[in-house]
Amino acid sequence: MGLKDLFKKKPKKEDTPEYRRQMAERLAGKHIKYVSERIEGIEEIIGREGALNLRDGEFIVFCAVKGGHEVLFRAKVEELSAWELLSLEGVVLTAPDIEHGGEVRTIIAYYKYYL
């Protein structure tokens with residue numbers, strides 16, 4: 001073992017396909033209060049009252065928008081980076097969005113809690 005081996009970066013657990021699948025499965029089925037996206041430096045609400053779903057290897061964010069319900073965000077699980085907010089009140093999702101031509105987007109989905 002040489003000096004180079006000591007300083008090699010080990011792959012982060014979050015970068016593995018297994019971790020991404022587990023995170024997607026854990027998030028699937030959660031109800032969301034609203035979804036926001038930072039557009040040109042301003043955080044905007046892009047959808048309300050929806051759910052996070054997992055179907056056929058894709059992670060889907062479905063919400064009510066003006067004029068009805070629609071898929072706001074859809075990405076392949078292997079390409080999805082997801083991490084929960086420190087408050088545990090929501091999740092940040094980043095991936096190439098299939099619904100928007102493969103554009104890499106970052107959205108924040110805030111959970112809906114039932115008391």
Side-chain angles (χ1 to χ4, degrees):
M1 177 186 245
L3 190 58
K4 286 183 182 179
D5 296 328
L6 288 174
F7 294 102
K8 276 188 183 176
K9 284 189 176 180
K10 295 181 180 173
K12 291 184 179 180
K13 181 181 174 187
E14 293 86 8
D15 291 339
T16 64
E18 181 181 335
Y19 176 84
R20 292 174 187 223
R21 257 190 315 279
Q22 288 174 352
M23 186 64 156
E25 288 170 359
R26 191 165 64 101
L27 295 170
K30 289 197 182 269
H31 296 272
I32 48 180
K33 188 180 350 180
Y34 61 94
V35 177
S36 68
E37 181 176 24
R38 189 171 297 255
I39 300 171
E40 296 179 15
I42 299 170
E43 187 132 355
E44 294 183 20
I45 305 298
I46 58 172
R48 296 185 183 276
E49 301 296 326
L52 303 175
N53 295 305
L54 184 60
R55 186 180 317 147
D56 298 327
E58 294 180 343
F59 192 81
I60 301 167
V61 179
F62 184 77
C63 276
V65 293
K66 295 176 185 174
H69 287 76
E70 67 179 53
V71 174
L72 288 181
F73 182 85
R74 183 168 55 106
K76 293 182 180 182
V77 172
E78 302 86 35
E79 298 174 347
L80 179 68
S81 292
W83 59 94
E84 288 189 294
L85 300 174
L86 289 175
S87 64
L88 299 178
E89 293 181 357
V91 63
V92 178
L93 304 166
T94 301
D97 185 1
I98 298 167
E99 286 295 308
H100 291 88
E103 172 189 350
V104 176
R105 294 176 64 206
T106 298
I107 64 169
I108 304 171
Y110 295 89
Y111 306 139
K112 184 174 189 174
Y113 291 103
Y114 296 97
L115 299 176

Stepwise side-chain hydrogen bond (donor to acceptor under 3.5 Å, both in side chains) check, Thr94 with Thr106: CA-CA 4 Å; Thr94 301; Thr106 298; 2.9 Å; yes

side-chain contact (heavy atoms from CB on, under 4.5 Å) evaluation trace for Ser81 with Arg20: CA-CA 7 Å; Ser81 292; Arg20 292 174 187 223; 3.9 Å; yes

side-chain contact (heavy atoms from CB on, under 4.5 Å) assessment of Ile108 paired with Glu43: CA-CA 10 Å; Ile108 304 171; Glu43 187 132 355; 3.6 Å; yes

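- Under the 4.5 Å side-chain contact rule for hydrophobic residues, Leu93 and Trp83 do not share a cluster.
- In the hydrophobic clustering of this structure, Ile45 does not group with Val91; members are Ile, Leu, Val, Met, Phe, Trp, Tyr whose side-chain heavy atoms approach within less than 4.5 Å, directly or through other members.
- Val104 and Met23 are not part of a single hydrophobic cluster, where members link through side-chain heavy atoms under 4.5 Å apart.
- Within the structure, every pair that satisfies the salt bridge (charged side-chain N to carboxylate O under 4.0 Å, His left out) test and touches residues 73-87, not counting sequence neighbours, is listed here: Arg26-Glu84, Glu58-Arg74, Arg74-Glu99.
- Shown are Asp97, Val35, Ile107; of these, the side chain to side chain contact (heavy atoms under 4.5 Å, CB included) with Leu72 is made only by Val35.
- At least one side-chain heavy atom of Glu49 sits less than 4.5 Å from a side-chain heavy atom of Lys112.
- Between Phe62 and Asn53 there is a side-chain heavy-atom pair separated by less than 4.5 Å.
- Side-chain contact between Glu37 and Glu44 is absent, with no heavy-atom pair separated by less than 4.5 Å.
- Residues Leu88 and Tyr113 come closest through the heavy atom pair O-OH, 2.6 Å.
- Minimum heavy-atom separation, Phe59 to Ala24: CE1-O, 3.7 Å.
- With sequence neighbours excluded, the residues that form a ring pair (Phe, Tyr, Trp, His ring centres under 6.0 Å) with Tyr34 are Tyr110.
- Separation of the Tyr111 and His31 ring centroids does not fall under the 6.0 Å cut-off.
- Of all heavy-atom pairs between Gly102 and Pro96, the closest is O-CB, 3.5 Å.
- The line from CD1 of Ile32 to NZ of Lys30 is 11.5 Å long, rounded to the nearest 0.5 Å.
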Evaluation steps, side-chain contact (heavy atoms from CB on, under 4.5 Å), between Ile60 and Leu52: CA-CA 6 Å; Ile60 301 167; Leu52 303 175; over 6 Å; no

Intermediate values then yes/no, side-chain contact (heavy atoms from CB on, under 4.5 Å), Arg105 and Ile46: CA-CA 13 Å; Arg105 294 176 64 206; Ile46 58 172; 3.6 Å; yes

